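Reading through the structure tokens given below for one structure.
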2 protein chains.
Amino acid sequence: MTRANHDSDAICALSPGALSILDVAERLFAEKGFDAVSINDIAQQADVSKANIFHHFKSKEGLYLAALKSACEHAARALDDVEQSLSSDSPQAQLQAFFTQHLQELLASPRSTRLIQRELLESGSERGRRLAEEVFSENFSRLVELVRTGQVQGQFRQEFDAALVAFLLIGTSVFFTQTSAVLQHLPGAEFAKFPDDYGSAVFQLLSHGFQNTT
Amino acid sequence: MTRANHDSDAICALSPGALSILDVAERLFAEKGFDAVSINDIAQQADVSKANIFHHFKSKEGLYLAALKSACEHAARALDDVEQSLSSDSPQAQLQAFFTQHLQELLASPRSTRLIQRELLESGSERGRRLAEEVFSENFSRLVELVRTGQVQGQFRQEFDAALVAFLLIGTSVFFTQTSAVLQHLPGAEFAKFPDDYGSAVFQLLSHGFQNTT
DNA sequence: GTCTATAGCTGGATAGAC
DNA sequence: GTCTATCCAGCTATAGAC
């Protein structure tokens, strides 16, 4: 708990050995989950001894927290990049740009995404909540603001909660990446094989709705 | 693998002791995941001895599979009920009825939902895929057909993939139940506290889109 | 910083009495 | 069907040499 901050603040000063340990740990924890991964597994795949891992990290949980923090920093950085590269076009253009890049980012770094996903699944732990608050609340707020701007400018309907729209923009992407492996085995869901087409189709649908107005 | 079928076909003939074991197991596996739960934990909470569990179930994995199958049967039954109670109204009325009842079902039995969710997260295993295929593919197909019917009748836009619409109807509900615990801690997301309002608002949004047409 | 060796414990699973 | 007692493999973590 208290120690984790200390460990990962100096993340850039870690020796190369520690970095490869962290890298392997992040991958294995993301793939199999905390309890299914042993220090032995990590030691083998990182080509170091078990004891060496305990030299660099205080405990197994400490290593896990370090990997989690690394994944969060990666995710947060990616979101920042997305927002910085937003053109100063209309809100709907900005929203579409965010949506597209966000989906691409999720697809490009499935490891971090998955590790965070797993952590959020443990809703019982305080960790998951604090994590979400600290890492995502700021970015989420900015996205909500973007929707609100579109609403006051009259481009978006005012009858909808801006936070709800933002939630759906994020959720449809996350849920897609989360289920795409199994989606491909459902009949009629060929869209699972073309993430880019999925992205633009979903944005179209969220924009205009599936119901016919003619 | 081969034994699981044998075990759970006779699920109704199990002794009361076995049923309480299965009940506790389903709860714990859903809450913490397979690896984080020990036979000791289950034995304690079910008020039986460790050995008794191995008398009723061949192994820890056998017990897990039994719990998973129970959860799947529960979920599938709920979906069947939903479809049977569909009125013979217009496709959009049927679609809305399905959406509403599906969301309510998810909220009413979070244990089963969560256990299946966890299993799907392990996309590496064949189990997850087969599970989704066998349990959900039929219901998913029926939902897709419902959307197609609305399309040929001209009530829904034909430009969208029917399977995509069906996917979003399911995904927005599942993702909501999945993240609601953490959602409540995000600024501006008050809708997390009112699932019913969330349901109707999302259906409105998916129907008409967030973009202004005036 | 990195290793070998090992302590100390808990996990799943079994044997056999009742 | 249910229990107590037990086996042993595998785990986290530490000690101490280099």
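Lettering follows sequence order; numbering is per chain, from 1. Since we're looking at a predicted model, the values are computed, not measured.
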Kindly write out the residues that satisfy side-chain contact (heavy atoms from CB on, under 4.5 Å) with A:D81, not counting sequence neighbours, or none if the list is empty.
-> none
Please list, by residue number, the residues of residues 29-44 of chain A whose heavy atoms come closer than 4.0 Å to an atom of DNA chain D; answer none if no residue qualifies.
-> A:V37, A:S38, A:I39, A:N40
Note, B:L115 side chain near B:E119 side chain (heavy atom, < 4.5 Å) | no
Please walk me through it: do A:F99 and A:F203 pass ring pair (Phe, Tyr, Trp, His ring centres under 6.0 Å)?
-> CA-CA 8 Å; A:F99 181 79; A:F203 194 83; 5.7 Å; yes
If every non-hydrogen atom of B:G171 is compared with every non-hydrogen atom of A:F175, which pair is closest and at what distance?
-> CA-CE2, 3.3 Å
Mark yes or no for whether B:S59, through its side chain, and B:G62, through its backbone, hold a donor-acceptor pair below 3.5 Å.
-> yes
Just jot down the side-chain hydrogen bond (donor to acceptor under 3.5 Å, both in side chains) partners of A:Y198, sequence neighbours excluded, or say none.
-> none
With sequence neighbours left out, the residues meeting side-chain hydrogen bond (donor to acceptor under 3.5 Å, both in side chains) with B:R118 are A:E122
Extract all donor-acceptor atom pairs below 3.5 Å that involve side chains of residues 34-43 of chain B and protein atoms in other chains or at least two apart in sequence.
residue	atom	partner	partner atom	Å
B:S38	OG	B:N40	N	3.4
B:S38	OG	B:D41	N	3.1
B:S38	OG	B:D41	OD1	3.4
B:S38	OG	B:D41	OD2	3.3
B:D41	OD2	B:S38	N	3.2

Give the rounded distance in Å between these two atoms: [atom1] of [X] and [atom2] of [N].
{"X": "B:K60", "N": "C:dA13", "atom1": "NZ", "atom2": "P", "value": "8 Å"}
{"X": "B:N52", "N": "C:dG12", "atom1": "CG", "atom2": "C1'", "value": "16 Å"}
{"X": "B:L63", "N": "C:dG11", "atom1": "CG", "atom2": "C1'", "value": "15 Å"}
{"X": "B:K58", "N": "C:dT14", "atom1": "NZ", "atom2": "P", "value": "10 Å"}

Name the first nucleotide and the last nucleotide along DNA chain D (5' to 3') that come under 4.0 Å of a heavy atom in chain A.
-> D:dC11 to D:dA15
